[in-house]
Amino acid sequence: MTQEELFKKLVAHCKEYGFIFPSSEIYDGLSAVYDYGQLGVELKNNIKRYWWEAMVRLNDNIVGIDAAIFMHPRVWEASGHVGAFNDPLIDNKDSKKRYRADVLIEDWIAKQDEKIEKEVAKARKRFGDSFDEPLFRQTNGRIKEIQTKRDSANARMVEALTAGDLAAVKSLIEDLEIVCPVSGTKNWTDVRQFNLMFETKIGSVSDGAGTIYLRPETAQGIFVNFLNVQKSGRMKIPFGIAQIGKAFRNEIVARQFIFRMREFEQMEMQFFVRPGEEMKWFDHWKSYRMRWHRALGFGEGMYRFHDHEKLAHYANAATDIEFDFPFGFKEVEGIHSRTDFDLSNHAKFSGRKIQYFDPETGESYTPYVIETSIGVDRMVLQVLSAAYLEEQLDNDSRVVLRIPAPLAPVKAAVLPLVKKDGLPEMAQEIIDDLKFDFNVSYDEKDSIGKRYRRNDAIGTPLCITVDHQSLEDRTVTIRHRDTMEQQRVAINELHAIIKKETGMRRLFREIVNN
Ligand code: ATP
């Protein structure tokens with residue numbers, strides 16, 4: 001099965017089992033907007049809890065806030081979003097498809113990288129053990145040629161985008177002979193800028209309603225509250241403010257399911273530091289955030305850092321944490337060193353003094369900021385795409401979602417072996433105790449095998465079966481999702497077993513201890 005087929009199956013699976021539905025589906029949906037169903041919302045909430053607790057609870061110098069989506073319109077002038085939150089877009093005249101010009105060029109660059117890797121792989125096969133890869137990369141004529149072309153295209157792209165020179169972006173697309181993936185032609189329009197912010201009106205029209213924006217990122221709610229939190233919480237630098245909330249971007253090209261949506265959710269943390277200490281903290285948060293991802297156990301090889309060559313107008317260093325999705329390595333999280341850009345600009349635009357008096361140095365200054373910013377929905381997609389497996393068993397097959405147990409929507413299913421003899425009542429009694437602490441479900445329909453499969457398909461880590469022996473000795477069987485192994489345990493041990501297997505403690509330990 002190709003990765004593309006796998007991805008299609010995953011999307012269908014998400015709908016079939018109540019994880020994710022297209023928005024307003026009975027009206028044929030709304031492009032790049034999705035709804036989370038009964039299981040999706042549980043997974044999403046668990047991801048948010050994992051992030052919140054790893055950031056706010058485990059770090060005694062981080063606190064959270066929940067700012068409004070609507071903000072004063074001047075905020076977005078100060079942040080640069082009114083002037084610069086633009087994507088360069090280009091249309092193909094034959095297919096009538098619209099693309100982000102920078103993405104077309106980046107895809108071309110990625111293709112050159114693939115070509116190089118193919119050459120290396122071929123040579124490795126040819127030369128076997130005696131293969132000297134670094135030497136080959138440096139000296140092989142074909143690789144050198146591709147590399148030079150690639151680097152020059154990249155440099156031209158960075159220069160054109162930094163200068164906002166749209167004609168140069170178009171010439172580059174023409175020079176690289178990039179064709180539309182749909183029509184296959186090079187019949188392009190000019191490149192135009194497109195602002196990604198959604199506008200709406202506040203107040204009634206007759207009162208002269210003002211235009212405001214739906215926030216395109218949650219970060220600004222943190223910056224405008226810097227003084228409020230610092231003063232009311234008596235926070236000392238270095239400290240951080242965290243927030244989870246909705247953000248809205250009128251994305252030009254919405255694709256890949258919940259990877260790029262027009263309404264999505266972000267988990268952001270802004271960490272305020274002394275000027276000059278930002279690189280130390282940039283490295284600290286890079287490493288902490290990578291440990292947060294890796295603790296989920298999908299494998300080291302599934303992640304990589306991608307350092308930015310073209311820095312945003314506010315940043316002096318930036319990297320992405322990329323995950324190996326079925327459609328390749330793509331960004332799930334950004335870590336940015338934002339300098340004092342935001343606080344200084346808000347000071348300028350609001351006329352307020354936004355500074356910190358450092359009792360240790362006796363100086364006042366505008367703090368520098370390290371930001372960690374991750375999309376909840378991309379994280380949901382990461383978990384689902386890494387978890388989805390079609391497994392061949394001896395005489396059977398199953399679809400299993402190997403969602404890390406602490407994130408699984410349902411922690412345990414309690415199943416009476418048959419629908420009579422007092423077994424349903426006993427199962428209910430077990431649920432009535434466990435439900436105070438865990439999301440547990442009850443299922444009595446169909447054979448036990450079918451019920452196991454249903455729970456595998458939604459990622460339930462444990463199935464607890466109540467049988468006739470349970471009535472005699474108050475024991476039950478626990479069946480583990482991944483190994484399918486079963487063990488007999490006493491009912492009064494269930495709480496401790498579920499807590500150990502599905503709690504977040506193990507993940508937090510890994511983040512903190514490494
Ligand atoms: P991209 O290059 O993919 O457009 P970005 O660099 O603009 O992303 P940031 O502004 O750094 O993204 O936002 C931080 C995080 O928010 C991203 O890493 C991603 O997880 C998430 N995010 C951004 N845009 C979207 C979107 N349209 N849909 C879903 N998640 C998003």
Side-chain angles (χ1 to χ4, degrees), residues 20 23 30-36 40 44 47-48 51 76 79-81 84-89 99-107 109-110 157-158 161 194-198 214-223 242-270 285-286 289-290 292-293 303-315 317-323 325 327-338 341-342 369-385:
I20 298 160
S23 155
L30 182 65
S31 166
V33 186
Y34 289 90
D35 296 338
Y36 284 84
K44 200 177 175 202
I47 288 173
K48 288 196 268 186
W51 184 86
W76 305 110
S79 68
H81 284 82
F85 192 53
N86 297 313
D87 274 348
L89 67 87
Y99 301 92
R100 260 172 65 177
D102 55 331
V103 171
L104 283 179
I105 301 170
E106 273 166 7
D107 286 350
I109 291 173
M157 177 182 74
V158 171
L161 291 175
F194 176 78
N195 195 290
L196 301 183
M197 281 199 293
F198 283 101
L214 298 188
R215 65 179 179 200
E217 62 177 26
T218 58
Q220 299 304 324
I222 294 179
F223 293 126
Q243 169 164 233
I244 299 178
K246 286 268 171 125
F248 304 84
R249 295 183 189 178
N250 200 0
E251 299 280 2
I252 300 165
V253 192
R255 56 180 175 183
Q256 281 144 347
F257 194 35
I258 57 169
F259 183 82
R260 191 173 298 287
M261 301 156 91
R262 297 204 163 104
E263 171 179 343
F264 58 101
E265 212 164 352
Q266 288 185 312
M267 308 190 276
E268 295 198 303
M269 191 279 296
Q270 311 294 328
W285 286 111
K286 259 177 86 170
R289 293 302 309 150
M290 189 55 113
W292 183 89
H293 285 277
Y303 302 92
R304 70 181 187 198
F305 284 115
H306 171 245
D307 294 331
H308 287 206
E309 293 177 45
K310 176 187 176 276
L311 290 173
H313 55 284
Y314 51 74
T319 194
D320 296 334
I321 294 179
E322 294 187 337
F323 182 76
F325 286 98
F327 41 85
F329 272 99
K330 294 275 181 246
E331 166 181 350
V332 272
E333 171 154 9
I335 298 157
H336 311 124
S337 173
R338 291 178 79 122
F341 174 84
D342 302 271
V369 172
I370 305 300
E371 160 181 87
T372 71
S373 172
I374 170 171
V376 180
D377 313 273
R378 280 197 195 170
M379 195 56 210
V380 170
L381 189 58
Q382 173 189 138
V383 170
L384 288 172
S385 56

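We count ligands from 1, going down the list as the structure has it; atoms in each ligand are counted the same way. Computation of the quantities below employed the complete heavy-atom set of this structure, encompassing side-chain atoms and omitting hydrogens, waters and symmetry-equivalent molecules. Numbering of residues begins at 1 and proceeds along the displayed sequence.
Residues W51 and M269 are in side-chain contact: their nearest non-hydrogen atoms beyond the backbone lie under 4.5 Å apart.
Close contacts between ligand 1 and E333 involve ligand atoms 18 (O) [criterion: under 4.0 Å to a heavy atom]. The distance from ligand 1 to the heavy atoms of S373 drops below 4.0 Å at these ligand atoms: 13 (O), 14 (C), 15 (C), 18 (O). Of all atoms in ligand 1, listed by their number and element, those nearer than 4.0 Å to a heavy atom of R100 are 4 (O). Atom numbering of ligand 1 starts at 1 in the shown order; those under 4.0 Å from a heavy atom of E251 are 24 (N), 26 (C), 27 (N).
Note: an N/O pair closer than 3.5 Å links V332 and ligand 1 by distance alone. For I374, no nitrogen or oxygen atom sits less than 3.5 Å from a nitrogen or oxygen atom of ligand 1, counting backbone and side chain alike.
The closest donor-acceptor contact from the side chain of T319 to the backbone of H306 lies under 3.5 Å. In terms of modelled atom types and a separation under 3.5 Å, the side chain of N195 and the main chain of H81 share a donor-acceptor contact. Side-chain N or O atoms of E265 include none that pairs as donor or acceptor with a backbone N or O of V376 at under 3.5 Å. Under the 3.5 Å distance criterion, the side-chain polar atoms of D320 are left unmatched by any main-chain donor or acceptor of E322.
Comparing E331, Q382, H336 against atom 17 (C) of ligand 1, the shortest heavy-atom distance belongs to E331.
With a 4.0 Å cut-off on non-hydrogen atoms, D320 does not touch ligand 1 at all.
Taking CZ of R262 as the reference point, atom CD of E251 lies at 7.5 Å (rounded to 0.5 Å).
Here the heavy atom of the protein found nearest to atom 22 (N) of ligand 1 is F264 CE1, 3.5 Å. Among all protein heavy atoms, the one lying closest to atom 16 (O) of ligand 1 is Q266 NE2, 3.3 Å. Regarding atom 4 (O) of ligand 1, its nearest protein heavy-atom neighbour is R260 NH1, 2.8 Å. Nearest protein heavy-atom neighbour of atom 28 (N) of ligand 1: M261 N, 2.9 Å. What sits closest to atom 7 (O) of ligand 1 on the protein, heavy atoms only, is R249 NH1, 3.1 Å. Protein heavy atom nearest atom 29 (C) of ligand 1, with residue, atom name and distance: F259 O, 3.3 Å. Nearest protein heavy-atom contact of atom 19 (C) of ligand 1 is R378 NH1, 3.5 Å.
For D377, the heavy-atom gap to ligand 1 stays at 4.0 angstrom or more. Using a 4.0 Å heavy-atom cutoff, E217 is absent from the residues neighbouring ligand 1.
Ring geometry for F327 versus F259: interplanar angle over 60°, hence perpendicular rather than tilted (30 to 60°).
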query = Taking it one step at a time, do W76 and R215 satisfy side-chain contact (heavy atoms from CB on, under 4.5 Å)?
reply = CA-CA 8 Å; W76 305 110; R215 65 179 179 200; 3.4 Å; yes

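Under the side chain to side chain donor-acceptor pair (under 3.5 Å) rule, E333 has a single partner from R289, Q382, R378, which is R289.
Using a cut-off of 4.0 Å between Lys/Arg side-chain N and Asp/Glu carboxylate O, R338 and E268 are scored as not salt-bridged.
A cation-pi contact, defined as under 6.0 Å to the ring centre and within 45° of the axis, links K44 to Y36.
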